[in-house]
Amino acid sequence: MGNLEVYVTAPQGVDVHPARICVDGVFVGNVSQDLPVLYLKRGKHTITVELSAMKIYEQQISILGDPNHQFLDVTLETK
C-alpha cells in the first residue's frame with residue numbers, strides 16, 4: 001500500500017469541493033479536507049478528477065508503496 005495526497009485547484013471563484021475523484025474508473029469521493037489522501041495498492045493507477053464546466057483531468061501514476069508518500073497536484077481548467 002502507498003499514500004497519495006491529491007491537491008485540486010481551479011480558476012479563482014470555482015469551488016473544487018464538488019469535484020469527483022476516481023481511481024481506475026471507480027468513484028472514491030469528492031474533494032474535501034478529509035480526502036486529499038488516498039491509500040492505494042502498489043502499482044499503476046489512473047486518477048481522474050471531474051468537475052462540471054471544467055476539463056476532465058486524468059493522470060496515470062505509479063504507487064511505490066511504503067514508506068513513500070506521494071503527491072499529485074491537479075489544476076483544473078475551464079472547458
Side-chain angles (χ1 to χ4, degrees):
M1 295 294 285
N3 297 336
L4 175 65
E5 283 195 52
V6 180
Y7 293 100
V8 179
T9 58
Q12 188 173 4
V14 175
D15 182 14
V16 298
H17 291 97
R20 297 171 43 90
I21 299 176
C22 297
V23 177
D24 300 327
V26 177
F27 174 71
V28 294
N30 296 88
V31 173
S32 71
Q33 291 179 356
D34 298 330
L35 184 70
V37 180
L38 303 175
Y39 302 99
L40 303 173
K41 288 183 181 178
R42 214 176 152 156
K44 290 186 180 182
H45 297 280
T46 301
I47 310 299
T48 307
V49 180
E50 301 175 4
L51 181 62
S52 62
M54 307 302 268
K55 292 180 185 175
I56 294 174
Y57 177 92
E58 186 172 285
Q59 175 76 40
Q60 189 173 62
I61 189 162
S62 291
I63 298 299
L64 304 174
D66 284 336
N68 298 297
H69 191 87
Q70 295 171 255
F71 300 89
L72 179 62
D73 289 316
V74 175
T75 302
L76 298 176
E77 298 175 357
T78 315
K79 285 185 182 177

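As the structure is a prediction and not an experimental result, all values here were calculated from the model. Positions are given from 1 along the sequence.
- Ser32 approaches His17 most closely through the heavy-atom pair CA-CD2, 4.0 Å.
- Within the model, atoms OG of Ser52 and NZ of Lys79 stand 8.0 Å from one another, a figure rounded to the nearest 0.5 Å.
- The distance from atom CG of Asn68 to atom OG of Ser62, rounded to the nearest 0.5 Å, is 11.5 Å.
- Tested against Ile21 for a side chain to side chain contact (heavy atoms under 4.5 Å, CB included), the candidates Asn30, Leu38, Thr48 yield a single pass: Leu38.
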Output, in order, the C-alpha distance, side-chain angles, deciding distance and verdict of side chain to side chain contact (heavy atoms under 4.5 Å, CB included) for Phe71 and Leu4.
CA-CA 5 Å; Phe71 300 89; Leu4 175 65; 5.8 Å; no
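- Atom CD1 of Ile61 is separated from atom NE2 of His45 by 9.5 Å, given to the nearest 0.5 angstrom.
- When all heavy atoms of Tyr57 and Leu72 are compared, the pair lying nearest together is OH-CD1, 3.7 Å.
- The side-chain heavy atoms of Leu76 and Val14, taken from C-beta on, include no pair separated by under 4.5 Å.
- In this structure, the separation between CD1 on Ile47 and CD on Gln59 is 9.0 Å, given to the nearest 0.5 Å.
- Distance alone, capped at 3.5 Å, places no donor-acceptor pair between the Arg42 side chain and the Met1 backbone.
- The OH atom of Tyr39 sits 12.5 Å away from the CD1 atom of Ile63 when rounded to the nearest 0.5 Å.
- In summary, of the residues considered (Val28, Thr46, Val6), a side chain to side chain contact (heavy atoms under 4.5 Å, CB included) with Val23 occurs for Val28 alone.
- The main-chain N or O of Leu64 is found under 3.5 Å from a side-chain atom of Gln70 such that the two form a donor-acceptor pair.
- Taking OH of Tyr7 as the reference point, atom OG1 of Thr9 lies at 12.5 Å (rounded to 0.5 Å).
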Might you work through the side chain to side chain contact (heavy atoms under 4.5 Å, CB included) test for Val8 and Leu51, ending with a clear yes or no?
CA-CA 11 Å; Val8 179; Leu51 181 62; over 6 Å; no
